[in-house]
Amino acid sequence: MTESAPAGPGSAHEDHLRPERWLALAVLVLAVLLVGVDATVLGLATPYLSEDLQPSGTQLLWIGDIYSFVIAGLLVSMGSLGDRIGRKRLLLLGSVAFGAMSALCAYATSPEMMIAARALLGVAGATLMPATLALIRNLFHDPRERSLAVGIWGAMASAGTAVGPVLGGFLLGHFWWGSVFLINLPVMALLVVVGARVIPESRNPEPGPWDLPSVALSLVGIVAVVYAIKEAAAHGFRWDIAVAAVVGVAALVVFVRRQYALDSPLLNMKLFHHRGFSGAVLADLLTILGLSGLVFFLSQFLQMVQLRPPLNAGLVELPAAVGAVGAGLAAGYVARRLSVRFVVAGGLAVVGLALAGCVTLHADTSTLALTTILFVVGVGAGFAFTVTADVILSSVPKEEAGAASAVSETAYELGAALGIALLGSIVTGIYRGFPDPAGVAGAASAGAHESLGGAVEAARMLPPEQSAALLHSAQDAFVDGLDIAAGVGAGVLLTASVVAWFLLRGQKLGDSREERSADEQRGTGTAA
């Protein structure tokens, strides 16, 4: 199957009318669901993993971060590789590798082995997200059906992120920490067996060579920038962090210049000349920037301020997924009835206002208030992310769908890193200034001021009265920082709403030149 076939009898247009496309979609969203679960489930397993493998503080950070570093650095390269060798082939190879590396993570016997396994898991993970979205672009030629398919894809990504803590809490209550990785194996096995039969292959019919220098520049540039952002947020600016930032930015500048010079670039930079494409990518980046810091610290708030067990904390976060799933399924229909920019800008404004409601969070905030806020966040984000993903796909030729999808995912990763750095530095800066209760000093004070988790550990070593006073002071400072970070996040989301309103002006779903031409050839007159 190629994308160059003309529309008409026996063409790809008729292929997409076969019911197998929905079974193929079901297989594709399995991969998305699993990547979402894997992104959040490790956080709950970290204390158990630390007790067993006994990593140093630096090693523990690398265990948590290396997965996202590698994924961020390889998304564009893997999206482009799928356009060249076949997206189905890359998806199936990546799924096998993802399953194998999950098993390696589950049975890691040392911190070094776990870091290496997580890095390789990131390599495999980078093949999955762009391939799934690009395959949807080629499975569903009708713009309205594709909007629904993208909505289901986005809903499963949201569901995976929310189900991760719930599933992780259940598994850790009954099995050892490696079980959070082994759940990947049966899902990946099903994906490979069924996907090999029902997913049609698609690729760029004239791809050109895969430029290895561009791959290296992309990997070095993005990894170095993300590393510098995360390290600066956690430890402040140091000379080595500054060097990483300079190297990363320089590599990305050279990467962009090289893409303009190549006949067959790894990433066609002219895609960014399309206002709808650039607006959707920028909206995604700003949205994740505003949301990620709050999401990152919300689990700590639920477990270490409100003292909820992991499973309970996961259930409190579940309404966000429910809202995102419902909104994602309806987003395409609503965007066509109203407008793309109204749905995206309106969704982001709703998220921003919900975050503004978080500025009054405190230890006694009720479950009803939390779940209501998170549900509203999910609804707004579900509308916005689903429609921007659809805009990104419909703004590019089908043969470049993999690379375009990878740009969207890279914006997500960069936004997450920037959000955790910006909002994390606010929370951390305010938290570390909390006053020590009488009688608390030395190692206990130093450990408590490092993080809220450090305060919980330090409190266990103190007499009851001092322990309670230290924990109360630390929790109050953490909540103060979280409230201010929520206010900043709300400002970022409202800014993203304004940006989306102007940049997505006149944008329509399924309005690509290619689709209008195909509609005219078919004589349907249904160009959206």
Side-chain angles (χ1 to χ4, degrees), residues 22 25-26 28-29 31-33 35-36 129-130 132-137 139-140 142-163 276-277 279-288 290-291 295 319-352 354 374-396 401 404-409 411-412 415 493 496-497 499-501 503-504 507-512 528:
W22 293 107
L25 176 65
L28 292 176
V29 299
V32 175
L33 181 71
V35 171
M129 295 294 279
T132 55
L133 195 53
L135 284 165
I136 287 173
R137 174 73 168 88
L139 276 170
F140 295 91
D142 180 82
R144 288 172 175 79
E145 280 199 346
R146 187 175 64 239
S147 292
L148 178 59
V150 171
I152 295 171
W153 178 88
M156 289 304 101
S158 300
T161 303
V163 166
F277 180 87
V281 170
L282 182 59
D284 282 353
L285 187 147
L286 289 176
T287 304
I288 291 298
L291 274 175
V295 171
V322 175
V325 168
L329 295 178
Y333 174 80
V334 177
R336 284 186 169 83
R337 291 297 298 270
L338 301 175
S339 72
V340 165
R341 74 170 181 170
F342 181 86
V343 173
V344 175
L348 298 182
V350 165
V351 177
L374 291 172
F375 176 77
V376 173
V377 167
V379 170
F383 275 119
F385 283 132
T386 303
V387 175
T388 54
D390 204 337
V391 168
I392 287 168
L393 285 184
S394 61
S395 298
V396 302
S405 303
V407 171
S408 174
E409 297 301 322
Y412 182 100
L493 263 296
S497 174
V499 169
W501 180 261
L503 290 183
L504 296 179
Q507 183 67 42
K508 298 181 183 298
L509 296 186
D511 195 35
S512 69

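When reading the values below, keep in mind they use all heavy atoms of this one structure, side chains included, and skip hydrogens, waters and symmetry mates. This structure is a prediction, so every number in the text was calculated from the model and none was measured.
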S.K.: Can you name the one residue among Thr287, Val379, Leu493, Val376 that meets side-chain contact (heavy atoms from CB on, under 4.5 Å) with Val351?
M.R.: Leu493
S.K.: Which atom pairs, one a donor and one an acceptor, fall under 3.5 Å between side chains of residues 339-350 and the rest of the protein, sequence neighbours left out?
M.R.:
residue	atom	partner	partner atom	Å
Ser339	OG	Phe342	N	3.1
Arg341	NH1	Trp501	O	3.0

S.K.: So, taking the atom named CG in Leu338 and the one named OH in Tyr333, what distance separates them when rounded to the nearest 0.5 Å?
M.R.: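 One gets 9.0 Å once the value is rounded to the nearest 0.5 Å.
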S.K.: For Ala283 and Thr388, which heavy atoms make the closest approach, and how far apart are they?
M.R.: CB-CG2, 4.5 Å
S.K.: Compare every heavy atom of Val387 with every heavy atom of Ala335, then report the nearest pair and how far apart it is.
M.R.: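 Scanning both residues completely, I find the closest heavy atoms to be CB-CG2, 4.1 Å.
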